[in-house]
Amino acid sequence: MGARILCVAEKPSIAKAVANHLGGSVPARNVPGLAWLKNYEFEYSFDPPWGRCNVVMTSVAGHLIKTEFDSRYRSWNSCNPAELFDAGLTKFVEGDNKAIAKNIETQARYCSKLFIWTDCDREGEYIGAEIRDVARKIKPGIEVMRAKFSNIERAHIIQAARRPIPLDEKQANAVAARIELDLRTGSSFTRLQTQSLKPIIDHVQDVGIISYGSCQFPTLGFVVDRYFRVKNFKPETFWSIKVMHKKDGVNVNFHWQRVHLFDRMVVVVLYERCLQTKTAKVTKMQRKPTSKWKPLPLTTVELQKMGSRFLRMDSQRVMKVAEELYQKGWISYPRTETDQFDRGMDLKAIIQRQTQDGTWGPFAQGLLSGSFNQPRSGRNNDQAHPPIHPVNYVTRDRLNDDEKRVYEFVVRRFLACCSEDAKGESTTVEVDYGGEDFHATGLIVLQRNYLDVYPYDKWESSQQLPPFTVGETFLPTEAKVTEGKTTPPGYLTEPELIALMDANGIGTDATMAEHIAKIKERAYVMTRPRGSGGATMDGVTDGDDEALGRGTRGGRGGRGRGRGGRGGATLGVRGRTTGVEELIPTTLGVALMEGYNTIGFETSLSKPFLRKEMELKLKAICAGTATKNDVVQESLEQYRAVFARTNQQMGMLKAAVRRYVLGENG
DNA sequence: GCAAGGTC
């Protein structure tokens with residue numbers, strides 16, 4: 001018998017899955033101190049030089065080690081917040097992690113090798129380094145390798161076991177830099193803001209701490225930006241030419257190629273030319289096959305957006321429900337950026353498990369009987385997790401309401417991914433009328449395909465166009481100038497905010513929902529159903545405070561909440577959707593963003609620029625073109641400068657708070 | 001009483 005080898009995964013579910021693939025059905029052994037932490041012991045023949053080994057497979061649960069300021073800095077009055085930029089840091093294990101670290105130490109004592117099975121992403125690399133450090137303290141000479149895997153399919157795991165690779169120190173260093181920067185900037189600005197601003201608000205409003213974070217502030221910035229776009233919106237009048245022609249009993253509406261113009265005289269002149277020409281001439285008549293593409297494999301961000309849109313849950317709720325479904329083994333790991341399935345993955349086996357369902361079972365059976373299509377591949381792969389998909393079948397009566405809806409969505413999305421695109425035929429007629437181009441389109445849906453299992457997408461046949469032939473001329477039944485007004489955008493909704501955060505690299509798939517919850521908790525923003533407040537209902541022009549919330553701690557209070565007792569399902573002005581939640585900044589949220597914008601724009605803490613720049617620097621560490629130390633020093637220099645300017649110009653911030661929160665002028 | 005990132 002060869003060596004003893006300790007394998008450590010990032011979470012218990014991976015430890016269990018890997019143990020079962022490598023060791024057969026291995027019994028779980030309890031670890032003292034934590035009910036859910038298990039060790040799996042088995043024998044396994046690795047490739048040379050390791051050979052046959054006694055394996056102990058266990059896990060951590062995310063990060064193992066906490067980084068904090070030295071104890072002398074922890075009390076808020078212990079120092080000037082500026083000192084936190086270079087205060088000493090300590091690392092320690094706390095809470096449940098003590099039992100986890102103890103388990104690793106106990107096991108490492110008898111092992112000559114440590115094989116790390118954390119997720120193959122940046123954080124996973126750092127967690128791997130944490131595990132290594134804990135093991136090396138007990139056993140300095142232990143050999144350390146890591147497994148490279150991106151899903152827990154059997155063949156893939158076995159392959160990973162055969163080809164261990166070294167830990168990537170560079171990625172771990174990038175995370176170390178992030179941790180240090182977030183801690184120093186977050187704590188220093190939070191203390192500064194709270195100490196300077198809280199006293200002038202406190203007697204009017206119950207605010208807790210006034211926190212700053214590299215993610216929460218840009219998130220708030222998006223909400224406030226949109227608020228001002230709505231508030232400052234000036235409707236503009238535009239004019240357009242509408243042409244209608246009745247043929248074979250069908251009213252065909254032709255749309256102007258120019259859509260609309262903002263100059264009435266120009267539109268009138270063009271319109272008169274049309275009338276002078278009298279007849280319109282068909283310049284193009286085209287029928288062509290068209291299709292509506294099936295959705296991409298499901299990522300976390302997409303799940304959150306769809307949750308807000310179709311499942312009536314905010315992103316945090318969706319994630320909580322998805323987490324529970326995952327824990328119970330019904331769906332795969334819900335935190336993933338990957339929108340492509342591995343070619344080797346046995347998708348049909350997953351479909352098979354859904355054939356027993358009364359609702360979508362027949363559709364799933366249809367896929368197995370021949371209509372299966374390989375899912376589309378998106379552009380993202382986090383190399384750590386596959387797209388979210390159902391794992392096992394569960395009957396509806398074993399799930400609560402929210403779980404039912406999320407599970408059903410995940411299943412339908414997966415089945416849709418494995419189907420064929422919807423097919424149809426589009427018809428386009430283009431006419432020249434007085435030198436202006438107009439067009440009408442028609443659509444016939446021929447094969448619904450994936451749409452049959454995926455009701456979240458809509459694609460319906462329009463009225464069929466009567467036949468036209470190129471060269472044909474006709475005198476339009478009606479032609480007129482129409483007038484309209486541009487309408488303001490709505491306040492930001494959660495799916496829009498998530499999309500903005502995603503596009504700007506604010507937060508990760510696992511944390512975006514938390515940042516949104518955080519700015520609500522801090523009373524920087526509040527939510528309300530679209531249409532329930534003055535601004536959207538009455539056309540945006542009402543007074544300052546009508547739309548702005550006056551938040552108190554916990555994000556409650558404030559005007560505009562549940563006005564008129566129409567329940568959540570207020571009719572929105574835009575009509576299409578009811579019960580869409582909008583995010584409205586509170587006076588405090590606006591004051592903070594305005595205050596920082598006054599102090600300096602490019603480096604404003606309210607903008608995503610600084611966080612984006614930091615992200616690029618972290619990537620540079622991973623690529624080996626920068627060191628952790630360079631990046632930390634450079635970034636701290638930047639933030640120190642912002643901190644100094646904020647301190648100097650605290651008057652600006654205070655003035656913004658007085659203006660918005662206290663309603664004082666000037 | 002502070003952050004953001006893992007995860008239970």
Side-chain angles (χ1 to χ4, degrees), chain A residues 9-16 31 33-38 59-69 73-79 81 83-85 87 89 94-97 99-100 118-119 121-131 171-172 174-195 198 202 207-219 300 319-320 322-324 326-328 333-336 382 384-385 501 505-519 521-522 553 605 610-611 614-615 618 635 639:
Chain A
E10 185 162 321
K11 41 190 166 276
S13 60
I14 298 281
K16 183 179 180 184
V31 173
L34 278 177
W36 46 263
L37 184 62
K38 312 285 180 191
S59 77
V60 290
H63 285 280
L64 191 54
I65 291 169
K66 177 151 180 155
T67 303
E68 253 300 353
F69 293 112
Y73 297 101
R74 288 196 212 151
S75 142
W76 279 44
N77 294 318
S78 63
C79 66
E83 290 177 51
L84 298 178
F85 283 106
L89 300 177
E94 68 172 3
D96 281 357
N97 281 337
I100 299 176
T118 51
D119 296 351
D121 51 26
R122 221 159 63 186
E123 297 293 330
E125 223 58 31
Y126 182 84
I127 294 167
E130 292 180 328
I131 296 164
Q171 289 192 62
V175 172
R178 175 194 65 70
I179 290 172
E180 183 172 344
L181 287 169
D182 282 338
L183 176 64
R184 292 190 189 282
T185 59
S187 308
S188 57
F189 279 99
T190 297
R191 287 187 194 179
L192 175 69
Q193 289 178 166
T194 306
Q195 285 167 351
K198 188 174 159 67
D202 244 359
V207 287
I209 60 170
I210 304 177
S211 64
Y212 162 77
S214 63
C215 290
Q216 44 177 282
F217 255 43
T219 303
T300 305
M319 287 311 289
K320 185 152 189 310
E323 177 68 28
E324 281 157 12
Y326 160 69
Q327 290 298 336
K328 293 176 190 157
Y333 192 64
R335 291 183 278 273
T336 175
D382 61 18
H385 305 282
M501 294 171 74
I506 304 300
T508 67
D509 48 10
T511 61
M512 281 183 223
E514 289 172 32
H515 298 312
I516 298 173
K518 178 75 81 182
I519 60 175
E521 183 193 330
R522 294 284 186 250
R553 192 140 45 132
L605 296 185
L610 276 175
R611 180 67 184 79
M614 182 171 129
E615 187 58 35
L618 299 185
S635 288
Y639 279 99

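Remember, it's a predicted structure, so these values are computed and weren't measured experimentally. We name chains A, B, ... by the order of the sequence lines, and we start the count at 1 in each one.
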query = Could you state the NZ-P distance from Lys328(A) to dC8(B), rounded to the nearest angstrom?
reply = 14 Å
ask   = Is the distance from OP1 or OP2 of dC2(B) to the nearest side-chain N or O of Ser188(A) less than 4.0 Å?
value = no
task = Quick one: label Thr194(A) by what it contacts on the DNA or RNA (base, sugar-phosphate, nothing), any heavy atom closer than 4.0 Å.
result = base
task = List the atom of Pro334(A), the atom of Thr300(A), and the distance in Å for their closest heavy-atom pair.
result = O-OG1, 2.7 Å
query = Given dA4(B), is OP1 or OP2 found less than 4.0 Å from the side-chain N or O atoms of Arg122(A)?
reply = no
query = So what does Gln195(A) touch, heavy atoms closer than 4.0 Å: a base, only the sugar-phosphate, or nothing?
reply = nothing
request  = Pick base, sugar-phosphate or nothing for Leu37(A), based on heavy-atom distances below 4.0 Å to the nucleic acid.
outcome  = nothing
key: Sidechain-backbone polar pair: Ser187(A) side chain, Arg184(A) backbone, donor-acceptor under 3.5 Å   = no
task = Measure the distance from CZ on Arg522(A) to C1' on dA3(B) and round it to the nearest whole Å.
result = 10 Å
ask   = Of all the nucleotides listed (dG6(B), dA3(B), dC2(B)), which has the minimum atom distance to the side chain of Leu183(A)?
value = dA3(B)
ask   = Which is true for Gly507(A) with a 4.0 Å heavy-atom rule: it touches a base, it touches only sugar-phosphate, or it touches nothing?
value = sugar-phosphate
query = Separation of Glu130(A) atom CD from dG6(B) atom P, in whole Å?
reply = 12 Å
message = Distance check needed: dA3(B) P versus Leu618(A) CG, whole Å only.
response = 19 Å
request  = Would you mind telling me which of dA4(B), dT7(B), dC8(B) lies closest to the side-chain atoms of Asp119(A)?
outcome  = dT7(B)
message = Testing the basics here: between Ile519(A) and Gln216(A), what is the closest heavy-atom pair and its distance to 0.1 Å?
response = CG2-O, 3.5 Å
ask   = Atom CZ of Arg74(A) to atom C1' of dC2(B): distance rounded to whole Å?
value = 13 Å
ask   = Using 30° and 60° as the class limits, which term best fits the ring planes of Phe189(A) and Tyr639(A): parallel, tilted or perpendicular?
value = perpendicular
task = May I ask you to evaluate whether Thr190(A) reaches the phosphate of dG1(B), defined as a side-chain N or O under 4.0 Å from OP1 or OP2?
result = no
ask   = Under 5.5 Å between ring centres and under 30° between planes: true for Tyr212(A) and the base of dA3(B)?
value = no
inquiry  = Is there a side-chain contact between Tyr333(A) and the phosphate of dT7(B), meaning an N or O under 4.0 Å from OP1 or OP2?
reply    = yes
inquiry  = Using the side-chain heavy atoms of Trp36(A), tell me which of these nucleotides is nearest: dC8(B), dA4(B), dC2(B).
reply    = dC8(B)
ask   = How would you label the contact of Arg184(A) with the nucleic acid (heavy atoms, under 4.0 Å): base, sugar-phosphate, or nothing?
value = nothing
Any His63(A) side-chain N or O less than 4.0 Å from OP1/OP2 of dA4(B) = no
ask   = What is the nucleic acid contact for Pro81(A), judged by heavy atoms within less than 4.0 Å: base, sugar-phosphate only, or nothing?
value = nothing
key: Between C1' of dG6(B) and NE2 of His385(A), the distance in whole Å   = 10 Å
ask   = Separation of Leu181(A) atom CG from dG5(B) atom P, in whole Å?
value = 12 Å
query = Do Asp119(A) side-chain atoms and Asp121(A) backbone N/O form a donor-acceptor pair below 3.5 Å?
reply = no
task = Classify the nucleic acid contact of Ser75(A) as base, sugar-phosphate or nothing, counting any heavy atom under 4.0 Å across all strands shown.
result = nothing
note = Heavy-atom nearest nucleotide on DNA chain B taken for Ala61(A) and for Ser187(A); more 5' hit belongs to Ser187(A)
task = Would you tell me if any nitrogen or oxygen in the side chain of Arg335(A) comes within less than 4.0 Å of OP1 or OP2 on dT7(B)?
result = yes
ask   = In terms of the nearest nucleotide of DNA chain B, which residue is placed more toward the 5' end: Asp182(A) or Asp96(A)?
value = Asp182(A)
message = I need the NZ-C1' distance between Lys198(A) and dG1(B), as an integer number of Å.
response = 9 Å
ask   = Sub-3.5 Å donor-acceptor pair from the side chain of Ser78(A) to the main-chain atoms of Tyr73(A), do we have one?
value = yes
